[in-house]
Amino acid sequence: MRKLNFYYSLMLLAVGVMAASCSAPQEKEKTLKEAFDGKFLMGCAINVEQSSGRDVVGDSLIALHFNSIVAENCMKCEKIHPEENVYFWDDADRFVQFGEAHNMFIVGHCLIWHSQCAPWFFVDEKGGLVSAEVLKQRMKDHISTIVGRYKGRIKGWDVVNEAIMDDGSYRDTYFYQILGEEFIPFAFQCAHEADPDAELYLNDYSMAKPGKREAYVKLIGQLKEKGIRLDAIGIQAHAGMDYPDLQEMEQSIQAFIATGTDVMFTELDINALPNVFEDGHENAAVEERFEYEQRMNPYVEGMTEEAQRLWDSRVDGMLGLALKYHEHFRRVCVWGLCDQQSWLNDWPMPGRTNYPLLFDRNYQLKPVMKKYVK
Ligand code: 9MR
């Protein structure tokens with residue numbers, strides 16, 4: 001009897017081993033960069049905590065999932081060039097070193113932007129606005145010093161950021177007031193001279209708006225006519241629960257591609273919270289601010305299932321467009337790693353709990369992404 005039990009146990013063990021060896025091996029989940037490999041680069045905007053190694057968990061996720069990075073803030077004029085002839089390189093250097101250490105396609109953001117431009121840039125010693133000649137010299141110094149320092153290491157630059165209004169008119173910035181439309185080709189020329197191999201981009205938000213679309217198509221044509229290098233249009237893609245209209249976005253993608261220029265989603269995030277702008281307008285202008293209101297912060301304890309479903313469908317909608325046009329999409333870049341790190345917790349209303357990114361507050365990839373990485 002005991003012998004029988006022994007053989008019986010042996011048989012059970014053998015059956016178990018056979019079953020285990022016959023069952024399909026566990027499929028390892030892909031990383032995001034693997035999931036979209038061959039389609040487009042997967043980028044992430046990183047903050048100085050991350051580029052300096054202080055966000056240890058975040059850094060390991062960025063290294064694992066992304067093959068491109070962009071500097072969220074440390075290369076903006078007021079940070080990197082706060083006074084005339086004074087540059088602050090520490091954060092930008094660390095950002096570039098981080099990208100190189102992980103073999104990433106490194107993107108510089110941004111050379112010419114009205115916002116976050118250091119105040120000295122437009123002012124002469126008497127406090128008046130500088131002449132066109134002086135502004136051009138300052139732009140040239142700024143661009144050639146920064147692009148030159150990272151020549152061959154930063155592979156692409158947002159040269160001009162947010163130059164056009166939603167209705168298609170030029171934004172009334174000091175660059176425009178002093179130099180007119182010429183400030184754009186001039187900036188591109190300076191960047192190209194400083195690193196002839198670097199890719200050069202125009203970058204803007206609300207690109208699904210017809211006025212903006214038309215203005216950019218026209219601008220691309222003008223730059224091409226002048227023989228200016230322009231590699232791709234950066235569609236920032238700061239989206240929300242009800243904007244942009246995906247059909248309008250698709251029309252913009254098609255219109256840009258039709259000019260022979262590639263496209264990218266450069267600052268993708270999806271604002272999960274109620275739109276505080278009265279007319280519900282789509283926006284990413286950092287200077288717009290509202291007082292905190294409790295009713296505008298409904299998901300402090302977490303999103304409702306219904307809101308989550310809608311949010312997920314917005315992610316699928318945006319990624320669907322990038323996948324559909326992947327032959328012309330160079331990169332999809334998210335504007336931050338985890339929800340708690342997003343600028344959208346404090347813009348345009350401070351102190352809200354937002355859920356705009358692909359990783360949650362516990363550094364977990366959100367369920368909506370599982371189908372892409374399986
Ligand atoms: O995410 C950035 C935030 O941390 C900064 O405070 C803000 C001002 O510099 O800029 C945010 O990034 C902006 C980007 O540089 C350009 N497009 C709009 C982005 C969101 O405002």
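Just follow the structure's listing: the first ligand is 1, and inside any ligand the first atom is 1.
Side-chain atoms of Arg153 do not come within 3.5 Å of backbone N or O of Glu100 as any donor-acceptor pair. Remark: side-chain polar atoms of Arg213 are paired, donor with acceptor, to backbone N or O of Ala208 under 3.5 angstrom. Using modelled atom types, no side-chain atom of Arg331 and backbone atom of Met264 make a donor-acceptor pair closer than 3.5 Å.
The heavy atom nearest to atom 16 (C) of ligand 1, considering only Met75, Glu78, Glu162, is found in Glu162. Evaluated by nearest non-hydrogen atom to atom 11 (C) of ligand 1, the leading choice among Glu72, Lys76, Gln116 is Lys76. Looking at Asp158, Val286, Asn161, it is Val286 that brings a heavy atom closest to atom 7 (C) of ligand 1.
Contact annotation for Tyr205 and ligand 1: no heavy atom of the residue comes within less than 4.0 Å of the ligand. If you look at Trp113 next to ligand 1, the close heavy atoms, those under 4.0 Å, all belong to the side chain. The proximity of Asn47 to ligand 1, defined as any non-hydrogen pair under 4.0 Å, does not occur for either the backbone or the side chain.
In this structure, Trp335 counts as a contact residue of ligand 1, since one of its heavy atoms falls inside 4.0 Å of the ligand.
With 3.5 Å as the limit, one finds a donor-acceptor pair spanning the side chains of Gln341 and Gln50.
Outside the 6.0 Å centre-distance limit, the rings of Trp347 and His238 are not counted as a close aromatic pair. Here Phe40 and Phe36 bring their ring centres to under 6.0 angstrom of each other.
Enclosure of atom OH in Tyr299 by more than 12 non-hydrogen atoms of other residues, nucleotides or ligands within 6.0 angstrom is indicated.
Remark: minimum distance from atom 4 (O) of ligand 1 to any protein heavy atom is reached at Asn73 ND2, 3.0 Å. Looking from atom 18 (C) of ligand 1 to the surrounding protein, the closest heavy atom is Glu267 OE1, 3.3 Å.
Of all atoms in ligand 1, listed by their number and element, those nearer than 4.0 Å to a heavy atom of Gln236 are 17 (N), 18 (C).
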